[in-house]
J.: 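The structure is given below, and queries will be raised subsequently.
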Amino acid sequence: LTHSDAARFMPVFFLLVIILTLCLVLSVPIKTEARVDDIADCVGRLNINLATILLSALVFLVAFAQSSIVAYINLYALEAGLGNMTPYFVAFAATNFSIRFAMGHLLKHISQRKLLYFSGIVSCAVLWGIAHADNAVTIYILGLFFGLAMGVFYPIVNTKVLRSMSWHRQGMANSIYMAACDGANALGVMAWSAIAAHFGGYVHIYTAAFIVVIVYLILLSVYPAILK
């Protein structure tokens, strides 16, 4: 659509705007109940603590790995002769957006920790698949799965970062979360570029990003023991 004329693009664009507006309106009338155990759990956590730091490290690692796709998937596709990667981003956005509406139901049956493992394992599979894909369609399909993984990961970790600090310090907690995301993207662009230049190809950055997600899975496994 982005390569078509305005007569084709604008109707679809406005249709998407209408759908997003309806979704926003439907999400507004949500009641939030303060739970005593949640408030008590935050009492005394006035400064940045180890839980916040470790959770932010998880965010940083995943966002760092994700930046390899966001910044370089198009260049990798050109280098490999795979063509236009716009459908990948469409597939990613579709599942990333859709899974948010199912999160409440998922968390009733699956723990947050299991979903975080799911995100890491799927991310590993996606990065490995991109590095070994021999056609564009395979990468488009991987985009669907990566959208699911990231759509599950970010809301859970954002919530956990917020709850790791006192309720009246949640503005600071949210700033730390966003700094981890933005910092990972900024450093990722430079790091992946250096790796591609050093090894002589963009395919190598996805092997490196795969290793980064493995580190995330290791940290996810050991951080409860570190806190104890």
Side-chain angles (χ1 to χ4, degrees), residues 48-73 76 88-89 92-93 95-96 99-100 103 106-107 110-132 139 142-165 172-196 198-199 202-228:
I48 299 174
N49 53 44
L50 186 58
T52 307
I53 294 171
L54 292 175
L55 289 166
S56 299
L58 294 177
V59 176
F60 180 89
L61 290 169
V62 171
F64 189 79
Q66 185 184 7
S67 68
S68 68
I69 301 177
V70 174
Y72 291 106
I73 191 69
Y76 166 65
Y88 163 85
F89 290 102
F92 174 90
T95 51
N96 183 268
I99 193 64
R100 306 299 177 99
M103 285 299 295
L106 286 175
L107 289 170
I110 307 173
S111 69
Q112 289 185 349
R113 191 170 180 78
K114 289 180 180 178
L115 287 173
L116 291 178
Y117 275 115
F118 165 82
S119 297
I121 293 169
V122 170
S123 297
C124 283
V126 167
L127 291 165
W128 184 90
I130 289 175
H132 294 83
I139 297 181
L142 291 172
L144 292 171
F145 287 100
F146 198 52
L148 288 175
M150 296 300 96
V152 166
F153 174 79
Y154 284 110
I156 290 176
V157 177
N158 191 14
T159 301
K160 291 177 77 68
V161 170
L162 289 174
R163 290 188 174 184
S164 69
M165 298 185 71
M172 173 66 74
N174 195 55
S175 296
I176 294 169
Y177 167 81
M178 293 307 302
C181 291
D182 294 339
N185 285 314
L187 292 175
V189 170
M190 295 183 287
W192 304 131
S193 178
I195 289 173
H198 179 76
F199 290 100
Y202 290 103
V203 66
H204 300 289
I205 70 178
Y206 297 108
T207 301
F210 174 90
I211 295 172
V212 171
V213 180
I214 293 296
V215 174
Y216 156 80
L217 288 171
I218 294 172
L219 181 58
L220 179 63
S221 299
V222 302
Y223 96 86
I226 295 175
L227 291 179
K228 290 181 180 180

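What you see below is based on every heavy atom in this structure, not just the backbone, and it leaves out hydrogens, waters and symmetry mates.
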J.: Would you compute the distance between atom CZ of Phe153 and atom CG of Asn158 and round it to the nearest 0.5 angstrom?
T.: 10.0 Å
J.: Taking all atoms of both residues into account, what is the closest heavy-atom pair of Val189 and Ser67, and its distance?
T.: N-OG, 4.4 Å
J.: What is the ring orientation for Tyr177 with Tyr154, classed by angle as parallel under 30°, tilted 30 to 60°, or perpendicular over 60°?
T.: perpendicular
J.: Quick one: pull up OH in Tyr117 and OG in Ser111 and give me the separation to the nearest 0.5 Å.
T.: 10.0 Å
J.: Ala63 and Ala184: which non-hydrogen atoms are nearest, and at how many Å?
T.: CB-CB, 3.5 Å
J.: Report yes if some heavy atom in the side chain of Ile139 is under 4.5 Å from a heavy atom in the side chain of Phe146; otherwise report no.
T.: no
J.: Would you mind reporting whether Thr159 and Ile156 have side-chain heavy atoms less than 4.5 Å apart?
T.: no
J.: For Tyr223, does the OH atom have more than 12 heavy-atom neighbours from other residues, nucleotides or ligands under 6.0 Å away?
T.: yes
J.: For the CG atom of Leu106 and the CD1 atom of Ile99, what is their distance to the nearest 0.5 Å?
T.: 5.0 Å
J.: How long is the straight-line distance from CG of Leu148 back to OG of Ser123, given to the nearest 0.5 Å?
T.: 10.5 Å
J.: Working note: Ile69 + Leu127, criterion side chain to side chain contact (heavy atoms under 4.5 Å, CB included); need CA distance, chi angles, decisive distance, verdict.
T.: CA-CA 8 Å; Ile69 301 177; Leu127 291 165; 3.8 Å; yes
J.: Going by side chain to side chain contact (heavy atoms under 4.5 Å, CB included), name the residues that satisfy it together with Leu144, two or more places apart in sequence or in a different chain.
T.: Ala91, Thr95
J.: Could you tell me whether the side chain of Val59 reaches within less than 4.5 Å of the side chain of Leu55, counting heavy atoms only?
T.: no
J.: Indicate the atoms forming the closest heavy-atom contact of Leu217 with Gly120, along with that distance.
T.: CD2-CA, 3.8 Å
J.: Can you find a pair of side-chain heavy atoms, one from Tyr216 and one from Val213, that are under 4.5 Å apart?
T.: yes
J.: So, the side chain of Trp192 versus the backbone of Tyr202: is there a donor-acceptor pair under 3.5 Å, distance only?
T.: no
J.: Under the side-chain hydrogen bond (donor to acceptor under 3.5 Å, both in side chains) test, which residues partner Ser68, sequence neighbours left out?
T.: none
J.: Which distance, rounded to the nearest 0.5 Å, do you find between the CD1 of Ile73 and the CD1 of Ile130?
T.: 4.5 Å
J.: Under 6.0 Å between the ring centres of Tyr76 and Tyr72?
T.: no
J.: Checking the side chain of His132 only, and the main-chain atoms of Trp128 only, is there a donor and an acceptor separated by less than 3.5 Å?
T.: yes
J.: Which heavy atom of Gly143 sits nearest to which heavy atom of Tyr88, and what is that distance?
T.: CA-CE1, 3.2 Å
J.: Taking the side chain as every heavy atom from C-beta outward, state whether Ile226 and Leu54 have any atom pair closer than 4.5 Å.
T.: yes
J.: Any side-chain heavy atom of Lys160 within less than 4.5 Å of one from Leu116?
T.: yes
J.: Ile195 and Ala208: which non-hydrogen atoms are nearest, and at how many Å?
T.: CD1-CB, 3.8 Å
J.: Please enumerate all residues that pass side chain to side chain contact (heavy atoms under 4.5 Å, CB included) together with Val70, with sequence neighbours excluded.
T.: Gln66
J.: Could you tell me if the side chain of Phe199 sits less than 4.5 Å from the side chain of Thr207, heavy atoms only?
T.: no
J.: Just verifying a value: how many Å separate Leu187 CG and Phe60 CZ, rounded to the nearest 0.5 Å?
T.: 5.0 Å
J.: Please report the closest heavy-atom contact between Cys124 and Ile214, naming both atoms and the distance.
T.: SG-CD1, 3.7 Å
J.: Would you say that Val126 contacts Phe92 through its side chain, given a criterion of any heavy-atom pair below 4.5 Å between the two side chains?
T.: no
